[in-house]
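Structure record follows, encoded as structure tokens.
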Amino acid sequence: MQTSQKHPSSAGAHFYHQPVQGIYQMLQSNLCQDSSSQGTSVSFETCKEQYFTLESCPAPTNDFMDCDDSPSYASVSSKRTPFSPQGSQSCYSDHHQSSDNTYGSPISGLSSVDDRHQLKHKLRELEISLLAPEESDITDSCGCCVVKGGLHGSSQLAKHNWDQIAENIAQFDLKGALKVCAQAVSDDDVPTARGWIDNVLGKLVSVSGDPIQRLGAYLLEGLRARLESSGNLIYKSLKCEQPTSKELMSYMHILYQICPYWKFAYISANAIIQETMANESRIHIIDFQIAQGTQWHLLIQALAHRPGGPPSLRVTGVDDSQSTHARGGGLWIVGERLSDFARSCGVPFEFHSAAISGCEVVRGNIEIRAGEALAVNFPYVLHHMPDESVSTENHRDRLLRLVKSLSPKVVTFVEQESNTNTSPFFQRFVETLDYYTAMFESIDVACPRDDKKRISAEQHCVARDMVNMIACEGVERVERHELFGKWRSRLSMAGFKQCQLSSSVMVATQNLLKEFSQNYRLEHRDGALYLGWMNRHMATSSAWR
């Protein structure tokens, strides 16, 4: 993504002629009141070499691990990440914040109206410290100084003051600087936003730095893209050179191995379905994100060892056709692999494909047979379905009502614990910053910072979500997460009742976390399992009927 070619020079601005003092203290004390422990360690020598945009960061072309038999479960296309298995739904922008804040995700102390006004006030103070105070250009409104003439013309003083900032850049708190820039973007203060992007943030971020530096590199791309694009053009400006199928599966395998997020979804779903179907002789599973299909290997093995013989198993795989690239072929590949595996285990098996996005699924796409016990699996997929704030079709709730009409014995539901669906831009930015800070920290403890495969995995499999949430609106914004409390309301309104999770499900997920860092947390609350990184909840798993 070449988004850095359109920036006007900062030399064409009128700046305050006074030393830039206290900026770092202001950012730290007033803009970074969150609980994160991240700081920044900046090396000026490596800034140029290590800063890549989404387009310029090279993907390794050889020495990829063999993934033919690897459990790279998540399906990825040019618009997808580990948490974005389907990215083709069109969404319209909405600026009404969700009223449901049951167990709300932290917004780093900046989600309230008062904090937002305080941030705006501090941003204005920061501008005053940077912009030259000439009496003819300033009016007093509500105690704030406003530059009437805007940022036009030519001035050597402008460059000088941004240079002063650059000289003290090592003292900046990167998270605070990102928030100040995002607030300027939110306020349509383009000159200030460009100043921070061009003169500060670009020098602080690095795709091979610490977690906040790496995260900052992709958030910076999102801010750039938002400034330089609009409407249907935004997502086109985010396109990167698509990796080959083998490369993409390699990236997915890396993240699958070093992070428990997808394993959490699959193992909890397997445990819930196995327990629910313990006495059933005919089982049908509808998987709304079948991906590679290998997530069902554990269940097939468990069914094979059932006393009295295995039941028959039928799987319907719903999958957007764009996943073809990640798999290297269509859903027939998944069907063949699962059929071969089930045959080797002695389990009677059938596979049916529905190569369409979840938004397009209707009753005629699903074959229901009498005598079969039905299980439905939603792994990190429903947040891509547009809801009532996007269109009157409201596919998010429509699909839940459709599934309820099929009378499933159990529905397994896993989603990210984040609030980005209806949040205004700035709150959405801060939530994204907070959530992915935790994710990048969790990746950091498991993979070396200079690992090129890790860099490519983050670029192709994580960064897309963040850039989409920040840069895109309208039909292009497909990442619309909600908190568990909101999902619970939707499921209840569709007629579902929540099932209590047994101790065996808890034990299965606890055993999974033994493979990973001790900083991961598992909590059973509100009838659901919460997977967290330190003090941040990352995902929830629950069961419904």
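Note that these values count all heavy atoms, side chains included, but never hydrogens, waters or copies made by symmetry.
Every residue two or more places apart in sequence or in another chain was checked for a salt bridge (Lys or Arg N to Asp or Glu O under 4.0 Å) with Glu415, and none qualifies.
At distances below 3.5 Å, at least one donor-acceptor pair connects side-chain atoms of Gln498 with backbone N or O atoms of Asp526. A donor-acceptor pair under 3.5 Å links the side-chain atoms of Arg396 to the main chain of His383, judged by distance alone. Remark: side-chain polar atoms of Asn468 are paired, donor with acceptor, to backbone N or O of Glu476 under 3.5 angstrom. Between the side chain of Ser456 and the backbone N or O of Lys453 there is no donor-acceptor pair closer than 3.5 Å. Judged purely by atom type and a 3.5 angstrom limit, Arg477 has no side-chain atom pairing as donor or acceptor with the backbone of Met469. Panel note: side chain Asn519, backbone Met534; no donor-acceptor pair is recorded below 3.5 Å. Using a distance-only test at 3.5 Å, with no hydrogens or angles considered, no donor-acceptor pair links the side chain of Ser312 to the main chain of Pro348. Within the 3.5 Å criterion, the main-chain N or O of Val430 finds no donor-acceptor partner in the side chain of Asp434. Not one N or O on the side chain of Asp444 forms a donor-acceptor pair closer than 3.5 Å with the backbone of Phe440. Judged purely by atom type and a 3.5 angstrom limit, Thr276 has no side-chain atom pairing as donor or acceptor with the backbone of Ile273.
The CZ atom of Arg428 lies 10.5 Å from the CG atom of Asn419; values are rounded to the nearest 0.5 Å. Taking OG1 of Thr316 as the start and CG of Asn365 as the end, the distance is 10.5 Å to the nearest 0.5 Å. In this structure, the separation between CG on Asn377 and CD on Gln295 is 7.0 Å, given to the nearest 0.5 Å. To the nearest 0.5 Å, the span separating OH on Tyr261 from CD1 on Ile443 amounts to 7.0 Å. Note that the CG atom of Leu513 and the NZ atom of Lys263 stand 10.5 Å from one another [nearest 0.5 Å]. To the nearest 0.5 angstrom, Glu280 atom CD is 11.0 Å from Leu374 atom CG.
Environment of CD in Gln518: sparse, with no more than 12 heavy atoms of neighbouring residues, nucleotides or ligands closer than 6.0 Å. The 12-atom threshold is not exceeded at CG of Asn279, counting heavy atoms of other residues, nucleotides or ligands nearer than 6.0 Å. More than 12 non-hydrogen atoms from other residues, nucleotides or ligands lie less than 6.0 angstrom from NE2 of His524.
Between Val445 and Trp533 there is a side-chain heavy-atom pair separated by less than 4.5 Å. Annotation: side chain of Glu523 is not in contact with side chain of Leu529 (no heavy-atom distance under 4.5 Å). Leu220 is not listed as a side-chain neighbour of Leu204, based on a closest heavy-atom distance of 4.5 Å or more. No side-chain heavy atom of Thr420 sits less than 4.5 Å from a side-chain heavy atom of Tyr435. Side-chain contact check for Ser492 versus Trp544: some heavy-atom pair is nearer than 4.5 Å. A 4.5 Å side-chain heavy-atom check between Ile286 and Val403 finds every atom pair outside the cut-off. For the pair Arg401/Arg398, a side-chain contact is recorded, criterion being any heavy-atom separation below 4.5 Å from C-beta on. Contact of the Ser423 side chain with the His481 side chain is not registered, since no non-hydrogen atoms from C-beta on lie closer than 4.5 Å.
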Criterion side-chain contact (heavy atoms from CB on, under 4.5 Å) on Arg464 and His460, from CA distance to verdict: CA-CA 7 Å; Arg464 299 294 178 83; His460 292 287; 4.0 Å; yes

Stepwise side-chain contact (heavy atoms from CB on, under 4.5 Å) check, Val207 with Tyr218: CA-CA 8 Å; Val207 295; Tyr218 301 120; 3.8 Å; yes

Full working for side-chain hydrogen bond (donor to acceptor under 3.5 Å, both in side chains) between Ser502 and Glu275: CA-CA 9 Å; Ser502 70; Glu275 185 175 87; 2.6 Å; yes

Audit row: Lys486, Arg490, side-chain contact (heavy atoms from CB on, under 4.5 Å) steps and yes/no: CA-CA 6 Å; Lys486 184 65 176 180; Arg490 290 190 185 279; 3.8 Å; yes

Working for side-chain contact (heavy atoms from CB on, under 4.5 Å), residues Leu522 and Leu512: CA-CA 10 Å; Leu522 190 65; Leu512 159 68; over 6 Å; no

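Each of Phe484, Phe496, Trp487 was evaluated against Phe413; a single residue qualifies, Trp487, per the ring-ring contact (aromatic ring centres under 6.0 Å, His included) test.
The minimum heavy-atom distance linking Val347 with Pro310 is given by the pair CG2-CB, 4.0 Å. Heavy atoms only, all atoms of each residue included: Phe264 and Thr509 are closest at CD1-CG2, 4.2 Å. Counting all heavy atoms, side chain and backbone alike, Ala543 lies closest to Leu501 at CB-CD2, 3.8 Å. Nearest heavy atoms, Ser208 versus Ile455: CB-CD1, 4.0 Å. What you find for Arg306 and Ala278 is that their closest heavy atoms are CZ-O, 3.3 Å. Taking every heavy atom of both residues into account, Val414 and Ser268 meet most closely at CG2-OG, 4.2 Å.
Between Phe349 and Phe351, the ring planes are parallel. Angles under 30° get that label, and only those over 60° would be called perpendicular. A parallel orientation is assigned to the rings of Phe341 and His297, their planes being inclined by less than 30° (bins at 30° and 60°).
Salt-bridge check for Glu367 with Arg369: passed, with a basic side-chain N closer than 4.0 Å to an acidic carboxylate O. Taking the charged nitrogens against the carboxylate oxygens, Asp340 and Arg337 have no contact shorter than 4.0 Å, which rules out a salt bridge. Between Arg449 and Asp210 there is no salt bridge, since no side-chain N of the basic residue sits under 4.0 Å from a carboxylate O of the acidic one.
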